[in-house]
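Structure first, commentary second.
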Amino acid sequence: MTLSWTEQASDGAARAGTLRTAHGDVATPVFMPVGTAGTVKAMLPDAVRATGARLILGNTYHLMLRPGADRVERLGGLHKMMDWPGPILTDSGGFQVMSLSGLRKLDADGVTFQSHIDGSRHRLTPQSSIEIQHKLDATITMAFDECTPFPATEAEARASMELSMRWAARSRDAFVPRPGYGLFGIVQGSVFPALRASSAAALIGIGFEGYAIGGLAVGEGQAMMFDVLDDTVPALPATAPRYLMGVGTPDDLLGAVQRGVDMFDCVIPTRAGRTARAYTSRGVFNLRNARFADDTGPLDPACACPTCTRHAVGYLHHLFRCEEILGPMLLTWHNIFYYQTIMKELRSAISTSTLSQRAASLRAGWAEIAEHG
Ligand SMILES: [Zn+2]
């Protein structure tokens, strides 16, 4: 039996459920911390687990360049190499080829590109991307697609989406089914409802264990992203997990969960953790700000993470001012813990049909710093 998802409760369009995988169960809605190059930056694997995270993401593009898919395989696969026995989702590499690599050339069969590290030439096709993700031992493999650049004309978005749908079929053919493993297709179509609908229908025709919505959070803004979700989510199967790729801020996650999305990944909590930006129940703030130097209180009084329960904000400010490595470690722990806390609260609110009340109180909290900070 491949990976499966079952719904336990719903509240409006939002759903709470369980993803069953070869590497354990995951309660949804779920946020995946990003473990780009075989590590969630600045976090020990035990610390990642202690935040409540159960599913993490790895990047095919980074791992195929360093240390290389064959080497990851010889090191026992991503789970063993990272000491992360839980499920891991890997992206297909396509998005980062377009955003990070130097010279690149797209053709009907794939993309040839130069590594951003040493300029060496590489090629990714639907077949090779799926094969690399197999070697990495990804629990959830993503179909190889082209993330349509934004903005795009409707004609450009259609051509790009149709290419991705041909690649989705090739990805399906290349994927080797194993018990508890799965392949997700990716809906493209930019901001054009008819293209999104046609992409969703094409993917359903091929058949996947889950359905991702790609090509968002690329500069279109939250309102337009939510419009696309309003059009796209109802076109996806009710029995499969839905994954919004590369999103987002706490407010983005909340709005997307309310629209029926189950899975998310984003570098925000980890990247912000390394750059002194704290995501809290009272909004976002920068710990380098001098006003925190004498602050004896916790970073977030409502948070139960070790950073908030053991240290004063003044100490965190000091660590970042001195560029001590512990600063990014403690703040990344808090940020991921806070993201996991939000998801837990949303799952509980969906199960008790109190999501709209919970959403209002979360939003009121996030506005506090912006309004009174
Ligand atoms: Zn905390």
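Both counts, for ligands and for their atoms, begin at 1 and track the order of listing. Quantities reported herein were computed from a predicted structural model and do not represent experimental measurements.
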Original post:
Is there any side chain to side chain donor-acceptor pair (under 3.5 Å) pair reaching into residues 211-224, and which pairs are they, with sequence neighbours excluded?
Top reply: Gln222-Asp251, Gln222-Asp252

**OP:** Tell me the protein N, O or S atoms under 2.8 Å from the Zn ion (ligand 1), in chain and number order.
**Re:** Cys303 SG, Cys305 SG, Cys308 SG, His334 ND1

Original post:
Does Asp230 come within less than 4.0 Å of Arg196, counting only side-chain N to carboxylate O?
Top reply: no

**OP:** Tell me whether the guanidinium CZ or amine NZ of Arg288 lies under 6.0 angstrom from the six-membered ring centre of Phe292 and within 45° of its axis.
**Re:** no

Subject >> Pairing residues for Ser199 by the side-chain hydrogen bond (donor to acceptor under 3.5 Å, both in side chains) criterion, not counting sequence neighbours >> reply: none

Residues 309-325, side-chain donor-acceptor partners within the protein, below 3.5 Å, at least two apart:
| residue | atom | partner | partner atom | Å |
| --- | --- | --- | --- | --- |
| Thr309 | OG1 | Cys305 | O | 2.9 |
| His317 | ND1 | Leu287 | O | 2.8 |
| His317 | ND1 | Asn289 | O | 3.3 |

Subject >> Electrostatic pair Asp173-Arg170, nearest N-O below 4.0 angstrom >> reply: no

